[in-house]
Amino acid sequence: MKRITVLVCILFTLKVSAQQNITLSSAKFITGDSPSYKELSFSDNSWANIKPMSIWEEQGYSDYNGYAWYRFHFTLPSSLKKNSYWKDSLRIIVGKVDDVDETFLNGVKIGQTGSLPSDNGGYAGQWDVVREYHIAANSPELHWDKENVLSVRVYDGGGGGGIFNGAPVISMMDIIDGINVTATAGDNAVITIANQLTRSVPGTVTIQVKDGMADKITSSSSQNITLPALQSFTKTIVLKGDARMEISATFKEKNTGKIKSITITNKYILTPPAPLTPKINSAKVAGVRPGSPFLYKIAATGQKPLQYSVANLPYGLLLDTINGVISGTLTDRGDYPVKLTVRNSLGKDERTLTIKVGDLLALTPPMGWNSWNCWGLSVSEEKVKSSAQALIDKGLIDHGWTYMNIDDGWEQPKRAADGTIIPNAKFPDMKGLGDWLHARGLKFGIYSSPGTTTCGGYLASYQHEMQDATSYASWGIDYLKYDWCSYGDVYAREKDTSLAAYMRPYQVMQKALKAQPRDIHYSLCQYGMKDVWKWGAKVDGNTWRTTGDITDTWQSLSSIGFSQTVQYPYAEPGHWNDPDMLIVGKVGWGDQLHDTRLTPDEQYTHISLWCLLSSPLLIGCDISKMDDFTLNLLSNDEVLALDQDVLGKQAQQKLKKDDYQVWVKELEDGSKAVGIFNMSDKWQNIELNWQDIGLGKTEKVRDLWRQKDLGAFGDIFKTRVAPHGVTLIKVT
Ligand code: GAL
């Protein structure tokens with residue numbers, strides 16, 4: 001035994017001498033909370049083992065929310081310091097933590113991300129943020145060449161919980177860590193190399209432009225520079241045209257040879273401009289209940305002015321021939337096919353719209369805007385109107401985008417004496433806002449929760465459901481997003497974990513909505529708990545969230561979007577799975593907005609996948625600041641038509657390889673939409689055998705983003721797909 005121990009020690013030492021960092025790939029773990037868990041001297045022998053790479057729900061702690069602790073034991077070899085040019089500070093990357101962490105080294109707090117329920121302002125999760133903490137190398141908290149314990153106290157407010165997305169890593173900071181290389185692409189690409197150190201740093205900058213599709217470097221240049229203390233170097237690369245280009249910049253530090261680099265893709269445009277002749281883009285079917293107000297905007301592109309007419313409009317409905325809005329009320333159940341015609345001086349387009357008067361709403365998934373991913377709790381009437389006006393002015397309304405939904409943050413802290421909910425000062429006239437939107441052919445949405453407060457801490461509907469639904473109806477509300485927040489307390493008090501207990505709050509609001517004299521789209525937002533897709537339709541849910549909140553990263557987008565597999569059979573006209581809202585354009589979840597962190601290819605993937613999945617499409621950005629790229633991304637009628645297809649079938653994942661996936665959606669006209677998604681961060685040449693995805697021997701293919709026929713393909717379709725990008729085709 002002794003000999004083996006010695007051998008292990010030697011191996012360990014050898015490994016350490018060449019080591020630049022330490023990876024902590026397993027930990028001790030316990031649910032619950034105690035201040036003693038952070039101490040170096042605490043014995044965690046009886047705790048369970050856990051891996052920090054995936055949430056605790058996937059490691060035997062399903063449905064656990066609340067506090068839990070991770071303890072990582074490690075020796076900190078002084079060779080780490082020796083190997084580093086700059087012996088200043090140690091960096092501990094804990095990774096992502098769902099939702100809040102407090103991190104301690106040998107009992108001393110070294111960082112926190114997110115805020116805990118006990119903190120000022122209450123709980124605010126930051127599940128998608130990598131935690132990186134720094135400590136001076138000579139700090140007494142560091143025990144060089146001895147045992148150390150990194151303890152992470154985690155608070156999970158709901159959904160997944162714990163450390164995930166990679167093991168914690170410990171390394172020394174180096175000069176290169178003080179250099180920041182960034183790049184942005186608008187009309188031109190601008191590269192910035194910023195020295196954040198108080199000393200000058202010499203090195204070499206190399207800039208390359210590459211045509212990734214052709215796999216060809218189109219320009220390359222290198223230059224030696226010295227970055228003065230706290231100064232930046234910038235370079236502008238002139239981009240010509242809309243073609244896709246990769247721009248990369250590398251800075252190589254002279255003394256250590258270490259590099260920092262970045263590669264970005266320009267915001268390349270795929271959707272061709274809409275024709276000048278009229279083209280109708282709105283859904284071919286619309287549902288309304290007998291006696292409820294009907295509102296349908298004929299979405300059409302083409303050179304303005306456009307003239308709208310409708311043949312066979314049933315008694316009870318009227319067309320506004322100036323703005324193309326059909327409104328009114330129908331009392332008799334049944335299908336009413338009407339012929340829409342849109343004309344201009346260059347020609348006309350026609351389409352049959354079937355108005356179905358019955359029990360079902362949302363015969364195609366809702367398309368519109370929601371304030372959350374953009375403004376968070378800072379939403380106001382002014383902000384809703386500015387995005388609504390921009391949706392009209394920029395022409396998104398002509399592609400079928402109609403809902404304008406206020407998310408959390410609109411309620412006063414107290415109800416009126418009779419219990420009526422009152423909007424806060426940011427929304428001085430809810431009914432006025434509803435009228436303003438309806439007059440423009442837009443629909444009006446609002447948000448609440450079944451608990452006493454919403455997720456943002458605003459007043460919610462608990463025990464006031466009927467009153468609230470009545471207020472909504474009086475304001476002209478067409479859409480209610482109904483969350484779960486703070487209902488967890490009611491649920492915990494009742495100590496009933498049955499499915500019936502989960503469904504109860506949604507049934508209470510279901511009854512209240514049904515009692516209203518107007519149709520209110522019912523959007524359940526409880527993150528997929530208890531497989532909501534299996535029972536959402538039973539509580540009249542039109543859409544139901546299947547996952548936790550999305551954020552603007554590839555990790556978030558891909559883990560949510562590509563996991564929508566088992567929900568496939570539950571999507572149908574009237575009922576849709578909801579993998580959360582769109583994260584394109586300027587987002588921010590508060591007052592400060594930033595450009596989405598998704599690459600252009602990731603954004604094409606996002607819209608393609610959401611359309612294939614028949615998801616609600618809710619833009620989550622400031623439309624008034626929308627750039628041409630985002631507008632182009634959201635205006636492709638052939639892509640949006642997949643989402644709005646009247647058959648209402650969600651795409652199925654037909655092929656899943658390590659590096660790519662293929663999803664197939666059946667369409668009303670018998671053709672199929674196929675999304676070939678590159679999951680890797682490298683270009684891929686993919687050869688798809690039609691038969692592997694259940695298609696025939698020869699297929700006629702159309703590229704939907706470019707709106708271009710590609711011709712007929714025998715057994716195999718070959719495509720080259722960008723990193724995290726997509727080829728989206730329709731095959732017949
Ligand atoms: C979350 C919900 C978000 C947003 C937020 C408001 O629970 O998933 O989409 O509505 O609440 O506080």
Side-chain angles (χ1 to χ4, degrees), residues 65 98-100 114-115 117 121-128 155-161 366 368-380 383-384 403-411 413 423-424 426-427 445-462 468 472 477 479-491 502 505-506 509 521-529 532 536 541 543-553 556-557 559-561 576-584 587-591 610 615-621:
N65 298 325
D98 198 344
D99 293 296
V100 184
S115 54
Y123 161 68
Q126 294 249 36
W127 70 274
D128 201 32
Y155 178 76
D156 172 27
W369 177 88
N370 171 293
S371 56
W372 184 250
N373 291 355
C374 171
W375 299 116
L377 296 171
S378 76
V379 61
S380 64
K383 286 170 174 159
V384 175
Y403 280 96
M404 293 301 299
N405 298 350
I406 304 170
D407 206 283
D408 204 353
W410 61 268
E411 310 90 328
N424 57 34
K426 296 184 294 159
F427 290 93
I446 207 155
Y447 163 96
S448 188
S449 237
T452 48
T453 53
T454 65
C455 301
Y458 282 71
L459 204 59
S461 298
Y462 185 54
D468 286 0
Y472 303 155
I477 292 294
Y479 186 115
L480 172 67
K481 172 174 172 184
Y482 207 45
D483 214 310
W484 170 264
C485 274
S486 84
Y487 191 82
D489 302 340
V490 181
Y491 173 77
Y502 267 89
Y506 296 101
M509 187 49 98
H521 175 114
Y522 194 19
S523 147
L524 316 185
C525 176
Q526 48 80 288
Y527 338 114
M529 288 187 295
V532 61
T543 48
W544 43 78
R545 280 272 298 276
T546 53
T547 70
D549 285 16
I550 198 164
T551 188
D552 58 323
T553 62
S556 172
L557 162 69
S559 62
I560 288 180
W576 310 103
N577 295 302
D578 174 3
D580 208 359
M581 300 174 287
L582 304 180
I583 35 162
V584 300
V587 294
W589 292 268
D591 242 346
W610 263 236
S615 305
L617 298 177
L618 292 170
I619 300 169
C621 69

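Whatever order the structure lists them in is the order used to number ligands and atoms, beginning at 1.
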**Item:** ligand 1 contact on Trp484 by region, counting heavy-atom pairs under 4.0 Å
**Value:** neither
**Those atoms of ligand 1 less than 4.0 Å from some heavy atom in Tyr527** = 7 (O), 8 (O)
**Atom indices of ligand 1 within 4.0 angstrom of Cys525 heavy atoms, with elements** = 2 (C), 8 (O)
**Shortest reach to atom 10 (O) of ligand 1 by a heavy atom, considering only Leu618, Asp580, Asp549, Asp407** = Asp407
**Request:** For the residue pair Ile406 and Val384, establish whether any side-chain heavy-atom pair is separated by less than 4.5 Å.
**Result:** yes
**Prompt:** How far is atom 9 (O) of ligand 1 from its nearest protein heavy atom, and which residue and atom is that?
**Reply:** Lys481 NZ, 2.8 Å
**Item:** Per-atom contacts, ligand 1 versus Gly456 - under 4.0 Å to a heavy atom
**Value:** 12 (O)
**Asked** Which residue holds the protein heavy atom closest to atom 1 (C) of ligand 1, what is that atom called, and what is the gap in Å?
**Response** Asp483 OD2, 3.2 Å
**Message:** Please verify the inter-ring angle class for Tyr479 with His521; under 30° counts as parallel, over 60° as perpendicular, anything in between as tilted.
**Reply:** parallel
**Prompt:** Are side-chain N/O atoms of Tyr458 and Asn424 paired as donor and acceptor at under 3.5 Å?
**Reply:** no
**Prompt:** Is any N or O atom of Trp372, backbone or side chain, closer than 3.5 Å to an N or O atom of ligand 1?
**Reply:** no
**Message:** In the structure I gave you, are the side-chain heavy atoms of Met509 and Leu480 within less than 4.5 Å of one another anywhere?
**Reply:** yes
**Asked** Which word best sums up how the rings of Tyr506 and Tyr522 line up, parallel for under 30°, tilted for 30 to 60°, or perpendicular for over 60°?
**Response** tilted
**Message:** Between Tyr462 and Asp468, do the side chains contain a donor N or O and an acceptor N or O under 3.5 Å apart?
**Reply:** no
**Side-chain donor-acceptor contact under 3.5 Å, Asp483 with Tyr447** = yes
**Prompt:** Strictly under 4.0 Å, does any heavy atom of Tyr458 approach an atom of ligand 1?
**Reply:** no
**Any Thr454 heavy atom less than 4.0 Å to ligand 1** = no
**Request:** Determine whether Trp369 and Tyr403 make a side-chain contact, defined as any pair of heavy atoms from C-beta on separated by less than 4.5 Å.
**Result:** no
**Request:** Return the option from Leu377, Thr453, Asn370, Asp408 holding the heavy atom at the smallest distance from atom 6 (C) of ligand 1.
**Result:** Asp408
